[in-house]
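Quick notes on the structure that follows.
Every chain is numbered from 1, with letters handed out A, B, ... down the list of sequences.
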Amino acid sequence: MKSKVLARLAVRIAGMAVPASYRDRFREEWLSELWHLREEGASKSLVVARTLGVFQDAVGTRRLVRDAKERRGSAMGFRDVRLALRSFVKRPGWTFFVLATLTVGIGANIAIFSLVEAVLLRPLRYAEPDRLAKIQGLTLESGQPSNISPGEFYDFAERSQVFASMGAHGWVGFFTITGDLEPERVAGTSVTAGFFETLGVRPALGRLFTEEEDRPGAPLTVVVTHAFWQTRLGGSTAVLGKTIRVNAEPHEIVGVLPADFLHPEPNPEREPLLYTLQRFDRADLCQSCRFIRAVGRLGEGRSLEEGRAELAAFARRREQDDPESNTGEGVHVSDLKEAIVAGSRRGLLVLYGAVGAVLLIVCANLANLQLAQGVLRQKALAIQSALGAGRAALVRQLLVENWILSMTGGSLGLVAAVWARGFLAQRAIPRAIEIDFDWTTLAFAVLLSSLTAIVFGLAPALSLASKNLRNVLVEGGGRGSSARTDARRILIGVEVALSLMLLVAAGLLVRSLGELRSVTPGFRTDRVLTMSLSLPLARYAEGEQIPFYKRLYERIQSLPGVRAVGGTNILPLSDNYSNDAFQIDARPAPQGERPAAEARSVSADYFQAIGIPLLRGRLFDERDIAGAARVVVISESMAEKFWPGEDPLGERITYNRGIADEDRQDVGGIGSREIVGIVSDVKHLDLDEERVPTFYTPQPQEPSFHTMTLVVRSSAPTDSLVSGISRELAAMDREIPLYSVRSLNEVLEGSVSEERFRAQVLGLFAMVALGLAALGVYAVMGLSVAQREREIGIRMALGARVKDVVEMLVVESMGPVLWGLAAGGVGAFFLSQALRSLLFRIEPWDPATFASVTAILGTTALAAALIPTLRAARVDPVRTLRGE
Amino acid sequence: MTRVKRERLTYNGALVLQALARGYRYGFEIMDFTALESGTAYPMLRRFELEKLVRSRWEGERTAQRDGRPRRRYYELTEEGRKLLSIALERFSDHRRVFDDAIAEPESSR
């Protein structure tokens, strides 16, 4: 009895040490057991000994329950992580290399993904963006989108049943701001009152435009962007109601746009900072001057198709009602987002494909390295396996290792991508400026890293943890199974094939860019400086502008090093054009069939300054002043198009720009001008355009010339000129700023910025691919040579020469390289077809590109194979043999 | 997954598993078979149970009442435990040979 009481007491006390969740079971089990022990008549000493065990059990159970809790706490086997980290520390070089290539591979993907996401995937940052459409004019003859006139715009906006609202905008130009602020030229544009409402914009501060303000005579108002508000107005709420002078006229600041607002027509050069109103006179709208474009918001439940059909019907009716203004003019309606990004889609998808290929190469390379490493690690794993670790546990441990590597590489890649944001967020690609590293990017990074870990890690893990590990211990390890060698050869082939495809794509784009750059723009770009200025109409009336410019030319001409000074209303390759109709006096055309060409207004010395050569006749000179007989200089292609086989010199055309309505005649009259010279053609919009017929009129014969671009050719470097020119301008008028100061070379480079970006990025990726492929070949060769050292030793001991051994090994190793080149060549052929639209003057199957990149890749691979082979062949065979 | 599997299964551990394999089902029966102390055998059973080499359950209340005794807690091997035991037995076969030899020798000398 006494022992029974003592036993109960012991169980009760010991139970106190056991965690509560286990305590009842613990006590009941012990009491039961001790009861049985006594009942079975065990000796007293045995009962005592066994009873004492209750304390030991309590301590053990307590520890056990705690440990189990801890282990449940860390979801992934903490032990696996620790083992993985230990294996990294043991192989720092290997770990560094793996992380570096993963960072490049994943980082490039994150960067390009964020670009694709910002440009192609993300909805526009306007309210209900799916309902937004872009409304442009359409030149029916050529099928090219163009502008619409204010008359068309209000006609469409007021009559449309399909569109809930419409707003129009003009070109993004420059405004001069003065007043309390430093005089400055800032990008700005004029819109109609419905513009912001249509886009569904809410002001960050104040209000947006009202219909009442959008009329001539109403008080002048301006809406500023968040950036302007922050940088020029100090971000204060007190700016509302204040006045700034825009183009010398006081405008009241009524509102501030939200920080994320962007103009719906991305401009590669500039984002407007100021918005003013168009203030069209609704009673007297110009029906034929097409210079605006519009955005429209579809009514609830209405489709783009309906809108397109409706506006097309409107355009047809306008043509019937008013053929003089509307013949040959249609309307082009497109989804707003599509209109913005369509031009960049193919280029972006090519880049996306390229980074995908780079990552695949990285994966193939790492899989290869792991297979190679595996031979060395087999022994360690075999020991673990012998100690009772199951195959699943080994595979898991390797996957954990790869996952940690991949996640670390992915994190570094994310950092690199964020760092590269500045390079990616170029204005050359519409919406690229909207690149944002948000949750989507992060989720993509995590997903991609995990996927990468599986792709590059699973096959090696499975192969490594395969059943025959036990044999490794017996054999002493060091020899790769033939299956694994095959896997490595296949991986090499895949790497080479992918690299070749990337190199071909990059080679084609680089060659195409070279072709584009080799295009003669029609003028000489060396040592020419361009800059713009603008005279406010409020202070310089029509007649005063030309004399002002003339005095400015003279002052600049007197600066040291200046060889020629000219001016033009539109600089070539500046994203601006002016296609105007005219009449050939000798054979007038009926309404709607008038010829059209690009029209430019230039100063006398413009041709010398920009370097457009005269072919025949004369250029403008002192004779061509206001009031003198009107003259015109035409381009070679204009002469060929309109006077084929004839001599246009002395012929006359009628062009009525700048002539008062009452003095105009359709043919002849004051608008009639004699052709006095023929100059060579220039590229106006793009380097890859066909020759565009152009005519030039002399500036002094233009009544109004409010914005002008100066072209200054010098014998000295252009940098030093800018301050001199600014000084001369300031001496004439302190309030007029110079803007868009660029050398003509920069203008030229700017016109190929998107092509250059594509070629640069793809070229970079192709170089990475080439390096990785070479490294892959090197690693595999190095290892296969190391494994066969003994064989090589025997061969050499038996009399093989170094040359024979090297030849044997290289021939073997180049097998997968050769079939990789063949497969890659076929792949590249198909890939290049997809690139066709991005290429200029280069055929997709350009033999020079294919041959040269194949040679580069083949030679690189050969070199990578030779290095370890030569090293192995130099080893003393006796030592190798004895070493075994 | 489990600590026992990665590390070596101890000799005592193998004994406990073997006892269960032979059909000894509750605590003191197992101790009688293995000659281990309760302070050693019990913690081992608990650990094996946590590691899913062993599972346990109370016998029915009614059975216990009918026999007029407290309920017993029965232990049995899981599939996993059975596998590990067979690996261990293979590994300990050398030990067995030592015992076999030791047992065989006196017989031959007799």
Is the shortest heavy-atom distance from the side chain of [X] to the side chain of [Y] under 4.5 Å?
{"X": "Glu59(B)", "Y": "Ser32(A)", "result": "no"}
{"X": "Glu33(A)", "Y": "Met31(B)", "result": "no"}
{"X": "Arg69(B)", "Y": "Glu39(A)", "result": "no"}

Heavy atoms of other groups near Arg22(B) CZ, more than 12 under 6.0 Å: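 No, not enclosed.
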
Evaluate whether atom CZ of Arg8(A) has more than 12 neighbouring non-hydrogen atoms of other residues, nucleotides or ligands under 6.0 angstrom away.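 12 or below, so no.
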
Interatomic distance, [X] atom [atom1] to [Y] atom [atom2] [nearest 0.5 angstrom]:
{"X": "Trp35(A)", "Y": "Arg71(B)", "atom1": "CH2", "atom2": "CZ", "value": "14.5 Å"}
{"X": "Arg63(A)", "Y": "Arg47(B)", "atom1": "CZ", "atom2": "CZ", "value": "10.0 Å"}
{"X": "Gln56(A)", "Y": "Glu37(B)", "atom1": "CD", "atom2": "CD", "value": "8.0 Å"}

So which of Ala64(B), Ala41(B), Gly27(B) has the largest heavy-atom pair count under 4.5 angstrom toward chain A?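 Looking at each of Ala64(B), Ala41(B), Gly27(B) in turn, Gly27(B) comes out on top.
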
With a 4.5 angstrom heavy-atom cut-off, could you sort out which part of Phe55(A) is near chain B: side chain, backbone, both or neither?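 Neither the backbone nor the side chain of Phe55(A) comes within 4.5 Å of chain B.
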
Go through [options] and name the one with the most non-hydrogen pairs under 4.5 angstrom from chain B.
{"options": "Leu46(A), Thr51(A), Thr61(A)", "answer": "Thr61(A)"}
{"options": "Ala58(A), Gly60(A), Gly53(A)", "answer": "Gly53(A)"}
{"options": "Val54(A), Val59(A), Leu31(A), Leu37(A)", "answer": "Leu37(A)"}

Do the ring planes of Tyr26(B) and His36(A) sit parallel (below 30°), tilted (30 to 60°) or perpendicular (above 60°)?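 Correct class here is tilted.
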
